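Small disclaimer: the values here were computed from a predicted structure and weren't measured. Counting from 1, the numbers follow the sequence of the chain as shown.
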Amino acid sequence: SHLQLCLYCSISVLSTKIHRMSVRTFVKGSTFWIRIENAKRANSVTEKMWDDMCRGLDQANNDPHTTFTAITGEGDFYSASNDFSPANWNTKKAASKDVETGPFRMGRRLIDHDKILLGLVNGPAWGIAATTLGLMDYVVCSDTAYFQTPFCILGVTPEGGSSISFPEIMGTSRANGLLLFNERLEAAEALQCGFVGKVFPKADFERLTTEMIDGFEKLPRHSLLASKSLIRGDAWKRKMRGAYETEMDTIRTIFGTEITQKMIGDKFDKKKK
């Protein structure tokens with residue numbers, strides 16, 4: 001009937017518009033996997049997805065059978081960072097000291113994570129998706145990846161511990177190129193400056209990273225975790241927690257300014273365009 005046809009067409013249109021926005025977690029061998037799945041929006045992360053990532057990191061840290069926690073994205077992007085669309089984000093609300101947004105909550109968990117954190121950067125990483133890589137224990141990327149932190153373009157400030165981790169990893173001038181001037185760090189440059197440990201061809205990225213982790217899993221768990229506790233010991237955790245608190249205080253102040261609220265709104269509110 002005509003009514004059935006209309007209903008069918010409506011459902012068909014809806015089904016083409018709906019796509020998965022989720023964080024998938026699973027355990028394989030001794031690795032707890034966290035996979036960002038929002039490919040149609042460059043794996044940008046909504047508040048619900050941040051909740052899921054935080055929950056996944058908690059589960060991974062408490063799992064008595066895993067040694068590694070691997071974070072990656074689906075498709076061409078690792079992650080375009082926080083979803084700043086008006087439906088998901090309120091800059092004025094994020095300025096409140098009573099609010100700890102998802103990205104902030106995730107960063108705390110990365111600092112305190114006891115398992116070995118593996119960043120498998122399958123494509124470009126922006127913003128806090130890039131900065132928090134500095135909190136991980138071993139990062140590899142595809143040859144299509146690049147790293148960009150457009151803080152000043154949005155009228156905000158560095159986060160994810162990057163005010164300390166980036167200069168320590170890559171040197172002051174290269175770090176400030178990213179943090180202040182929106183320069184891109186290409187995959188080859190990231191390897192050269194020690195931000196990543198390996199660069200794999202995109203076409204073989206999944207296979208090669210899986211083989212790499214399979215090799216890691218053959219190493220003795222007790223030795224790996226004891227070694228991490230030395231490398232990322234109490235002194236490092238205190239330093240990074242302090243940096244994180246300072247960064248959060250600063251960015252909350254910035255979020256409270258009219259100019260930053262306008263810059264973020266102009267950039268991400270499609271109704272204004």
**Message:** What verdict does the side chain to side chain contact (heavy atoms under 4.5 Å, CB included) test give for F68 and I116, after you've listed the backbone C-alpha separation in whole Å, the side-chain angles of each residue and the deciding distance to 0.1 Å?
**Reply:** CA-CA 5 Å; F68 305 95; I116 295 173; 3.8 Å; yes
Could you state the interatomic distance from [atom1] ([X]) to [atom2] ([Y]), rounded to the nearest 0.5 Å?
X	Y	atom1	atom2	result
M53	L110	CE	CG	7.5 Å
I213	K28	CD1	NZ	8.5 Å
N182	C152	CG	SG	8.5 Å
F166	F195	CZ	CZ	4.0 Å
D112	K237	CG	NZ	5.5 Å
T131	F147	OG1	CZ	12.0 Å

**Request:** Please assess H113 against L135 for the test side chain to side chain contact (heavy atoms under 4.5 Å, CB included), listing each intermediate value before the final yes or no.
**Result:** CA-CA 10 Å; H113 204 71; L135 302 174; over 6 Å; no
Any heavy-atom pair between the side chains of [Y] and [X] that's under 4.5 Å?
X	Y	answer
N61	F32	no
F77	R41	no
L179	S162	yes
T101	F255	no
L118	M136	no
R108	E100	yes
T67	L219	no
V45	M106	no

**Message:** Checking D143 against K202 for the side chain to side chain contact (heavy atoms under 4.5 Å, CB included) test, could you report, in this order, the C-alpha distance in whole Å, the side-chain angles of both residues, the deciding distance, and whether it holds?
**Reply:** CA-CA 6 Å; D143 55 7; K202 174 63 175 176; 3.5 Å; yes
**Item:** With sequence neighbours excluded, residues passing side chain to side chain donor-acceptor pair (under 3.5 Å) with E183
**Value:** none
**Prompt:** Residues two or more places apart in sequence or in another chain: which of them pass side chain to side chain donor-acceptor pair (under 3.5 Å) with W89?
**Reply:** T91
Is [X] reaching over with its side chain to a backbone N or O of [Y], donor-acceptor style, under 3.5 angstrom?
X	Y	result
S96	K92	no
E37	E74	no
S30	E217	no
T260	G155	yes
S79	N43	yes
S81	I128	yes
Q148	R184	no

**Message:** Against S85, only a single residue in N82, N88, D83 fulfils side chain to side chain donor-acceptor pair (under 3.5 Å); can you say which?
**Reply:** D83
**Request:** Applying side chain to side chain donor-acceptor pair (under 3.5 Å) between K115 and each of T66, T69, D63, report the one that passes.
**Result:** T66
**Request:** Show the numbers, then the answer: is there a side chain to side chain contact (heavy atoms under 4.5 Å, CB included) between R221 and L225?
**Result:** CA-CA 6 Å; R221 182 177 190 271; L225 296 181; 3.7 Å; yes
**Item:** Basic-acidic side-chain contact under 4.0 Å: E211, R207
**Value:** yes
**Prompt:** Thinking salt bridges, do R55 and D51 make one under a 4.0 Å N-O criterion?
**Reply:** no
For a quick test of reading the model, state the closest non-hydrogen atom pair linking [X] to [Y] and the distance between them.
X	Y	answer
A243	S163	CB-OG, 4.5 Å
R252	A95	O-CB, 3.4 Å
F151	T157	CD2-O, 3.7 Å
A125	L133	CB-CD1, 4.4 Å
K239	E168	NZ-OE2, 2.8 Å
N122	Y78	OD1-CA, 3.4 Å

**Heavy atoms of other groups near I259 CD1, more than 12 under 6.0 Å** = no
**Asked** Do other residues, nucleotides or ligands put more than 12 heavy atoms under 6.0 Å from the CG atom of D76?
**Response** no
**Prompt:** What is the ring orientation for W33 with F26, classed by angle as parallel under 30°, tilted 30 to 60°, or perpendicular over 60°?
**Reply:** parallel
Mind checking whether [X] and [Y] sit in one hydrophobic cluster, side chains of I, L, V, M, F, W, Y counted as touching below 4.5 Å?
X	Y	value
F205	Y146	no
V121	I169	yes
V27	V23	yes
I164	M170	yes
F268	W126	no

